[in-house]
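Bear in mind the structure is a predicted one, so any value in this text is a computation, not a measurement. Chain A is the first sequence line, chain B the second, and so forth, proteins listed ahead of strands; every chain is numbered from 1.
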Amino acid sequence: MLTIPFIRANSEITIQGLRKKHVANASDIVGQLIAMDDQRKSLLQQAESALEISNVAAKEIGTLMQSGQKELAEGKRAETAALKGTIKEKEEAAKAAEKQMLDLLVTLPNLPHSSVPEGKTAEENEVVLTWGSLPKMEADAQPHWDLIKKYDIIDFDLGNKITGAGFPVYKGKGARLQRALINFFLDEAIKVGYYEIQPPILINEDSGFGTGQLPDKEGQMYVTKEEGLFLIPTAEVPITNLYRDVIVNEKELPIKNVGHTPCFRREAGSWGAHVRGLNRLHQFDKIEIVQIHKPETSYQALEEMSLHVQGLLQKLNLHYRVLRLCGGDMGFASALTYDMEVWSGAQNRWLEVSSVSNFETFQANRLKLRTKVEGKSILCHTLNGSALALPRIVAALLENNQGPDGIKIPEILVPYTGFTHIN
RNA sequence: AGAGGGGUGUCCGAGUGGUUUAAGGAGCACGCUUGGAAAGCGUGUGUAGGUCUCAAGCUUACCGAGGGUUCGAAUCCCUUCCCCUCUACCA
């Protein structure tokens, strides 16, 4: 969430930024917000000055009562009783004005960083770099949805039976490959200083608001019927919300956390072409890295996180590219996002396997996540990224490494899997 | 899940309608003291909003959260969340 003081002081920058993110009527909205805030302030002032009078009178009544001057006290009481209505009325009006302002404010996305390219769709994302080369594929190379059947390692039919579409069952070497990747990714993160967290995978409404999933995107999450809790769409939500309503000691920054969780996404209405097999699921495993920084170090951290993710892909020997997302393709809360895509040899296309973002103060403002610098409390910057999401990595590994003696496991994973081939 | 007891500042903890302007202690910061340290002494020590060019000052709200009663609420009432004890259940 953007802050009102920022918008007031930088209304032109705000309008330009919102336009880059393709918010319609950006200029009108900013004008409305400032007007609503003016109204809020003026009502608040009226309420507070009435309150002040009433507080002073209440104190006088107290003193009079104690010294036994009942008649004087009664007179005062009648006087202040009349104020009650005004106070309540002004307070309610101020609260209503604030709510109106917040309701509008929470619908605004974060402003993009200056390096974010203009553009509306994924085609306009900027390719930052490409690593490796196209895997040499045989003419009869099979897509992963055929390979998983051939080797009987991931079973969609069984998932359909026990749950529904998009909930595959991993079996035998399929399950072991999953476990190997999870441990590999966690170990690599711990090696470079991340602290491992195992958070709950159900979260409450406040947490959903803190990281920006609510109030807008509840349609993407599964909800429990009795308690109204949400199944997490990403570990970003619980791990970042650990710091909700926290003033972090400056000495503890930066904070670097990593966690593995299953992720649940309803993906309502997004099924169709290009989502076969492992390409899009309702439940999948992901290792998430989350960092909390002082503003001046957050962009350096973003680059480090990007390099960390790239290191994982290089160790797995996957041909990948890095994209800088354009204004129209970026997430709601992000100021700058890099997507990492791996080449899928049999599908002949790029698959997104990671998204690394700096949210600057956007989440921190919702979370009330602050630190103190020279005695003043300031909002922290939050960042996160997938390192990595499993299904598409598995898809690419299966497709790119298929051969006559089965699917070859990358060397670095063999100590984790305990086998060299799936055959 | 049932019965009972709780939730107060960074922490411990007092406070059952009006000098509470949240006592007292610990911690922390700064200063004095010291060869240095400890002890001791002194001062300070939350968050958010408003006012203000800045600062100071003034002011409003905040005692788990939300609402109510009252001239006045940490204190009384209602709702709700969380913790503890016992019982029940359970990996």
Side-chain angles (χ1 to χ4, degrees), chain A residues 1-10 33-103 105-106 198-210 214-215 223-230 238 241-253 255 361 363-380:
Chain A
M1 183 163 71
L2 301 174
T3 68
I4 286 288
F6 178 89
I7 294 175
R8 295 189 84 104
N10 306 279
L33 279 172
I34 293 174
M36 287 168 179
D37 191 46
D38 286 339
Q39 204 198 355
R40 188 201 110 235
K41 279 188 187 175
S42 128
L43 288 164
L44 196 64
Q45 263 175 59
Q46 293 172 42
E48 286 188 354
S49 57
L51 252 176
E52 191 181 349
I53 295 168
S54 150
N55 283 347
V56 169
K59 210 166 280 180
E60 281 171 18
I61 293 170
T63 323
L64 291 172
M65 295 286 267
Q66 279 193 335
S67 61
Q69 296 170 273
K70 285 248 161 77
E71 304 77 33
L72 280 171
E74 286 301 328
K76 271 276 176 204
R77 183 188 290 187
E79 228 172 86
T80 42
L83 267 176
K84 279 188 87 173
T86 322
I87 293 170
K88 194 166 183 182
E89 185 189 312
K90 296 292 180 190
E91 273 183 338
E92 272 168 12
K95 214 177 258 185
E98 183 172 19
K99 183 177 185 312
Q100 193 189 21
M101 184 190 80
L102 283 175
D103 284 350
L105 190 60
V106 295
Q198 276 192 18
I201 57 177
L202 275 77
I203 49 118
N204 59 29
E205 202 176 323
D206 286 345
S207 297
F209 178 81
L214 296 175
V223 197
T224 69
K225 196 173 179 180
E226 299 299 328
E227 299 83 5
L229 298 173
F230 298 90
N241 271 282
L242 297 175
Y243 302 92
R244 173 151 51 79
D245 292 318
V246 170
I247 299 179
V248 184
N249 191 320
E250 192 183 357
K251 289 179 211 146
E252 287 167 37
L253 295 174
I255 288 166
T361 60
Q363 290 182 330
N365 186 33
R366 292 175 158 228
L367 294 161
K368 302 279 167 275
L369 162 53
R370 291 154 293 174
T371 189
K372 278 201 168 178
V373 177
E374 286 160 16
K376 283 190 87 175
S377 83
I378 58 162
L379 292 169
C380 295

Would you kindly compare G62(A) and E52(A) by the position of their nearest RNA chain B nucleotide and give the one closer to the 5′ end? G62(A)
Return the pairing partner of [N] with a 3.5 Å limit on both distances, Watson-Crick or G-U wobble; otherwise return none.
N       : result
rU53(B) : none
rC28(B) : rG44(B)
rU70(B) : none
rA3(B)  : rU85(B)

T371(A) side-chain N/O to V248(A) backbone N/O, donor-acceptor pair under 3.5 Å: yes
Taking T3(A) for the side chain and F6(A) for the main chain, is one N or O donor matched with an acceptor at less than 3.5 Å? yes
If we take the [atom1] atom in both [N] and [M], what is their distance in whole Å?
N       : M       : atom1 : result
rU8(B)  : rA29(B) : C1'   : 24 Å
rG31(B) : rA22(B) : C1'   : 27 Å
rU75(B) : rU20(B) : C1'   : 11 Å
rG44(B) : rG6(B)  : P     : 36 Å
rU33(B) : rG42(B) : P     : 15 Å
rG64(B) : rA14(B) : P     : 14 Å
rC76(B) : rG17(B) : P     : 8 Å
rA61(B) : rU19(B) : P     : 15 Å

Taking [atom1] from [X] and [atom2] from [N], how many angstroms apart are they, rounded to a whole number?
X       : N       : atom1 : atom2 : result
D206(A) : rC82(B) : CG    : P     : 12 Å
Q46(A)  : rU60(B) : CD    : P     : 16 Å
E227(A) : rC82(B) : CD    : P     : 10 Å
E91(A)  : rC62(B) : CD    : C1'   : 13 Å
I53(A)  : rC58(B) : CD1   : P     : 19 Å
K76(A)  : rU70(B) : NZ    : C1'   : 18 Å

Pairwise side-chain contact, [X] with [Y], heavy-atom cut-off 4.5 Å (strictly under):
X       : Y       : result
D245(A) : L367(A) : no
N241(A) : I203(A) : no
L369(A) : Q363(A) : no
D37(A)  : I7(A)   : no

Polar-atom pairs under 3.5 Å, protein N or O versus N or O of nucleotides 47-56 of chain B: list them with distances, or write none.
from	atom 1	to	atom 2	distance (Å)
rU47(B)	OP1	K372(A)	NZ	2.3
rU47(B)	O3'	R370(A)	NH1	3.0
rA48(B)	OP1	R370(A)	NH1	3.1
rA48(B)	OP1	S377(A)	OG	2.5
rG49(B)	O3'	R40(A)	NH2	3.3
rG49(B)	N2	E48(A)	OE1	2.6
rG49(B)	N2	E48(A)	OE2	3.0

Regarding L51(A), tell me which of base, sugar-phosphate or nothing describes its non-hydrogen contacts under 4.0 Å with the strands shown.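 Sugar-phosphate: the residue L51(A), judged by heavy atoms under 4.0 Å, touches backbone atoms but no base.
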Is there any protein nitrogen or oxygen under 3.5 Å from a nitrogen or oxygen in nucleotides 66-68 of chain B, and what are the pairs?
from	atom 1	to	atom 2	distance (Å)
rG67(B)	OP1	K95(A)	NZ	3.2

Say you draw a straight line from [atom1] of [X] to [atom2] of [Y]; how long is it, rounded to the nearest 0.5 Å?
X       : Y      : atom1 : atom2 : answer
L105(A) : M1(A)  : CG    : CE    : 5.5 Å
L44(A)  : K95(A) : CG    : NZ    : 11.0 Å
E91(A)  : E48(A) : CD    : CD    : 8.5 Å

So among I378(A), V246(A), I247(A), which one has a side-chain contact (heavy atoms from CB on, under 4.5 Å) with R370(A)? I247(A)
Minimal heavy-atom distance between V106(A) and R366(A), with the atoms involved, is O-NH2, 3.4 Å
What do you reckon, is CD of Q46(A) surrounded by more than 12 foreign heavy atoms closer than 6.0 Å?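 Count over threshold, so yes.
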Using a strict 4.0 Å threshold on nitrogen-to-oxygen distance, state whether D38(A) and K41(A) make a salt bridge.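 No, this pair does not count.
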Just the atom pairs and distances: protein N or O near nucleotides 72-76 of chain B's N or O, under 3.5 Å.
from	atom 1	to	atom 2	distance (Å)
rG72(B)	OP2	K84(A)	NZ	3.4

